[in-house]
Novice: 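Mind looking over this structure? Questions follow.
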Amino acid sequence: MGVPSDDVVLIQKGKKPGEPHVITVNCPDKHGLGCDICRIILDFGLYITKGDVSTDGIWCYMVFWVVPHSSSIFVRWPSLKNRLQSICPSCSVTFYLNDQTSHSAASPVYLLKFFCLDRKELLHDVTQVLCELELTIQKVKVTTTPDGRVLDLFFITDNMELLHTKERQDDTYKQLNAVLGESCISCELKLAGPEYECHHGILSLSPAVVEELFRSELSDKETRSQALSPDMTKLKKANVVVDNSLSPAHTLLQLHCVDHKGLFYDVLRTLKDCNIKIAYGRFSPTFNGYRDIDVFILQKDGKKIVGPDKQNGLCSRLKVEMLHPLRVIISNRGPDTELLVANPVELSGKGRPRVFYDVTLALKGLGICIFSAEIGRHSSSDREWEVYRFLLDENCRFLLSSMVARNQIVDRVRRMLMGW
């Protein structure tokens, strides 16, 4: 029964340089599988140009056309195939005899700790190495000492599940040493102990920061603090239409909004967390910077979405996630200037991929050094958020107390995160 495991995920290279690779997934279905696949695609730095999803609730067939977000991204296609295959349900008959909602054991968390002399762009360079090694940053604590040294604690998991082997650890050390060079004083990699729980706590944020960071919509006042430049005012426009007339069995969702990095992931994770089943979905190519998405859906109980309250609630939730999937602000933290970035956490507990990478890359491009950094979680508005905090070094070309400079920084960071 089913298809050979090697055929569950097929990746076909573009015929010419620059043409999209085509990823085909053909396997038993499970709730949220499309979301999980789009999350991995985003994690590999890939952009979905178009896609089709089809399932009868038992078997699914998905096709995605993908290209790297930038020419500097090196994609390990065999590794991508392995990652995608690892989340696909088994194609054997035993799959149907087991609980489809069972979850695999959580990956072990490792502590990467290094102490070195500080230099510009160090944090992003290390982050890039970890991304290329397929090591996911779960938590981080970066501290700069008064004498110009840096103590970095990275709590990481291995997407390849090989970090317990000497070969994998040696390769990690080798890649890090190539970046740290002679500035490295010490570097240690081990299984995380009680110190992970110590750094795993909920972040404490001031009421003013919570109000600004987690409000559900962009108000006119927030337009200034969120630094929406004139050409980005179109972000305020998004349409979600519910149609129950075209299909006797399904509700049709028609979405139209500005394109951004991870758009399909944002739509599918929202439907997953709302317990919405997808029967068929088509993600059209971008046109004038906008996307059209058509999705035939059902409730968890197999019924159409007919109640006005349910329809309005789902439409409102989708609009927020399409218009405002990431929050970026700058605030004062005592005498210091702090950049905060937040994104919703899936109900499964997973955060958004590559946020730390993109923020540090944006700050690197601006020539801004990071004095300290921290990743934590915060609960607000009945949701859990992943929050990234960066204390910015005042010794840069920007006058950080200036609102103009702050808006420029927020604008650059947001553009990097959204892929604009």
Novice: Are side-chain heavy atoms of Ile278 and Leu271 found at a separation under 4.5 Å?
Specialist: yes

Novice: Verify, without hydrogens or angle tests, whether Asp411 (side chain) and Asn407 (backbone) share a donor-acceptor contact under 3.5 angstrom.
Specialist: no

Novice: Only pairs at least two apart or in different chains count here, so list each ring-ring contact (aromatic ring centres under 6.0 Å, His included) that has a residue in residues 327-353.
Specialist: none

Novice: Run the side chain to side chain contact (heavy atoms under 4.5 Å, CB included) check on Val53 and Phe283 step by step: do they pass?
Specialist: CA-CA 9 Å; Val53 176; Phe283 312 130; 4.0 Å; yes

Novice: Report the C-alpha distance between Arg269 and Asp273 in whole Å, list the side-chain angles of each, state the deciding distance to 0.1 Å, and finish with yes or no for salt bridge (Lys or Arg N to Asp or Glu O under 4.0 Å).
Specialist: CA-CA 6 Å; Arg269 70 172 169 81; Asp273 285 351; 5.3 Å; no

Novice: May I ask you to test the Ile23-Ile37 pair for a side-chain heavy-atom distance under 4.5 Å?
Specialist: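 No. Closest side-chain heavy atoms not under 4.5 Å.
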
Novice: Going by atom types alone, do Asp158 and Ser107 pair a side-chain donor with an acceptor below 3.5 Å?
Specialist: no

Novice: Tell me if the centroids of the rings in His250 and Tyr280 come within less than 6.0 Å of each other.
Specialist: no

Novice: Going by atom types only, do Thr165 and Glu167 share a side-chain donor-acceptor pair under 3.5 Å?
Specialist: no

Novice: Between Glu212 and Ser331, is there a side-chain donor-acceptor contact under 3.5 Å, judged purely by atom types and distance?
Specialist: no

Novice: Given 3.5 Å as the limit, does a donor-acceptor pair link the side chain of Lys113 with the main chain of Leu153, or not?
Specialist: no

Novice: Report the C-alpha distance between Arg352 and Glu386 in whole Å, list the side-chain angles of each, state the deciding distance to 0.1 Å, and finish with yes or no for salt bridge (Lys or Arg N to Asp or Glu O under 4.0 Å).
Specialist: CA-CA 8 Å; Arg352 190 183 192 88; Glu386 199 158 49; over 6 Å; no

Novice: Looking at Lys304, I'd like to know if its NZ atom is crowded, meaning that more than 12 non-hydrogen atoms belonging to other residues, nucleotides or ligands lie closer than 6.0 Å.
Specialist: yes

Novice: Return yes if some donor-acceptor pair links the side-chain N/O of Asn159 with the main-chain N/O of Glu134 below 3.5 Å, else return no.
Specialist: yes

Novice: Test Arg333 against Leu391 for side chain to side chain contact (heavy atoms under 4.5 Å, CB included), laying out the working first.
Specialist: CA-CA 8 Å; Arg333 187 177 178 184; Leu391 280 184; 3.9 Å; yes

Novice: Run Arg377 and Glu384 through salt bridge (Lys or Arg N to Asp or Glu O under 4.0 Å) and show every step you take.
Specialist: CA-CA 7 Å; Arg377 297 202 169 181; Glu384 187 177 29; 3.8 Å; yes

Novice: In Å, rounded to the nearest 0.5 Å, how long is the span from CG of Leu84 to CG of Leu10?
Specialist: 11.0 Å

Novice: Report yes if some heavy atom in the side chain of Thr127 is under 4.5 Å from a heavy atom in the side chain of Ile137; otherwise report no.
Specialist: yes

Novice: Please report the C-alpha distance between Asp118 and Leu122 in whole Å, then the side-chain angles of each, then the deciding distance to 0.1 Å, and finally whether the side chain to side chain contact (heavy atoms under 4.5 Å, CB included) criterion is met.
Specialist: CA-CA 7 Å; Asp118 194 16; Leu122 173 64; 4.3 Å; yes

Novice: Report the distance from atom NZ of Lys141 to atom CG of Leu111, rounding to the nearest 0.5 Å.
Specialist: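 Separation between the atoms: 14.0 Å.
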
Novice: Looking at Arg76, Arg83, Arg354, which one forms a salt bridge (Lys or Arg N to Asp or Glu O under 4.0 Å) with Asp43?
Specialist: Arg83

Novice: Ring centroids only, cut at 6.0 angstrom: are Phe390 and Phe356 within range, meaning strictly under it?
Specialist: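 When the ring centroids of Phe390 and Phe356 are compared, they turn out to be within the sub-6.0 Å range.
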
Novice: Give, for atom CD1 of Ile73 and atom CG of Leu46, the distance between the pair rounded to the nearest 0.5 Å.
Specialist: 7.0 Å

Novice: Which residue in the set Val355, Val328, Val387 passes side-chain contact (heavy atoms from CB on, under 4.5 Å) when paired with Asn343?
Specialist: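 Between Asn343 and the candidates, side-chain contact (heavy atoms from CB on, under 4.5 Å) is satisfied uniquely by Val355.
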
Novice: Side-chain contact test, heavy atoms from C-beta onward, threshold under 4.5 Å: evaluate it for Leu130 versus Leu112 and give yes or no.
Specialist: yes

Novice: When you measure from the side chain of Thr251 to the backbone of Ile305, do you find a donor-acceptor pair of N or O atoms at a distance under 3.5 Å?
Specialist: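 Such a contact is found between Thr251 side chain and Ile305 backbone.
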
Novice: Are Leu176 and Cys184 packed together at the side-chain level, in the sense that at least one heavy-atom pair is separated by less than 4.5 angstrom?
Specialist: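 No; the side chains remain at least 4.5 Å from each other.
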
Novice: Under the 3.5 angstrom rule, does the side chain of Ser183 hit a backbone N or O of Leu180 as a donor-acceptor pair?
Specialist: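 Answer holds: yes.
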
Novice: Run Arg282 and Asp292 through salt bridge (Lys or Arg N to Asp or Glu O under 4.0 Å) and show every step you take.
Specialist: CA-CA 8 Å; Arg282 168 158 290 180; Asp292 287 310; over 6 Å; no

Novice: Atom CD1 in Ile409, atom CZ in Arg414: separation rounded to 0.5 Å?
Specialist: 13.0 Å

Novice: Could you state the interatomic distance from CG (Leu123) to CG (Leu361), rounded to the nearest 0.5 Å?
Specialist: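 Interatomic distance, Leu123 CG to Leu361 CG, rounded to 0.5 Å: 11.5 Å.
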
Novice: When rounded to the nearest 0.5 angstrom, what distance separates NE2 in His260 from CG in Leu417?
Specialist: 10.5 Å

Novice: Does a sphere of radius 6.0 Å around OH in Tyr61 hold more than 12 heavy atoms from other residues, nucleotides or ligands, not counting ones at 6.0 Å or beyond?
Specialist: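 Result for OH/Tyr61: open.
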
Novice: Test side chain to side chain contact (heavy atoms under 4.5 Å, CB included) on Val258 and Met418 and set out the steps.
Specialist: CA-CA 11 Å; Val258 68; Met418 302 292 276; over 6 Å; no

Novice: Are Leu163 and Ile156 packed together at the side-chain level, in the sense that at least one heavy-atom pair is separated by less than 4.5 angstrom?
Specialist: yes

Novice: Any side-chain heavy-atom pair from Arg383 and Val345 closer than 4.5 angstrom?
Specialist: no

Novice: In this structure, are over 12 heavy atoms from other groups packed under 6.0 Å from Gln254 atom CD?
Specialist: yes

Novice: According to the interplanar angle, ranging from 0 to 90°, do the rings of Phe114 and Phe154 count as parallel (below 30°), tilted (30 to 60°) or perpendicular (above 60°)?
Specialist: parallel

Novice: Would you check if Lys310 and Val306 make a side-chain contact, meaning some heavy-atom pair closer than 4.5 Å?
Specialist: no

Novice: Is it the case that over 12 heavy atoms from other parts of the model lie below 6.0 angstrom from the CD atom of Glu188?
Specialist: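 Count over threshold, so yes.
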
Novice: Main chain of Gly45, side chain of Lys261: is a donor-acceptor contact present, judged purely on distance under 3.5 Å?
Specialist: no

Novice: Closest heavy-atom contact between Leu33 and Cys88?
Specialist: CD1-CA, 4.5 Å

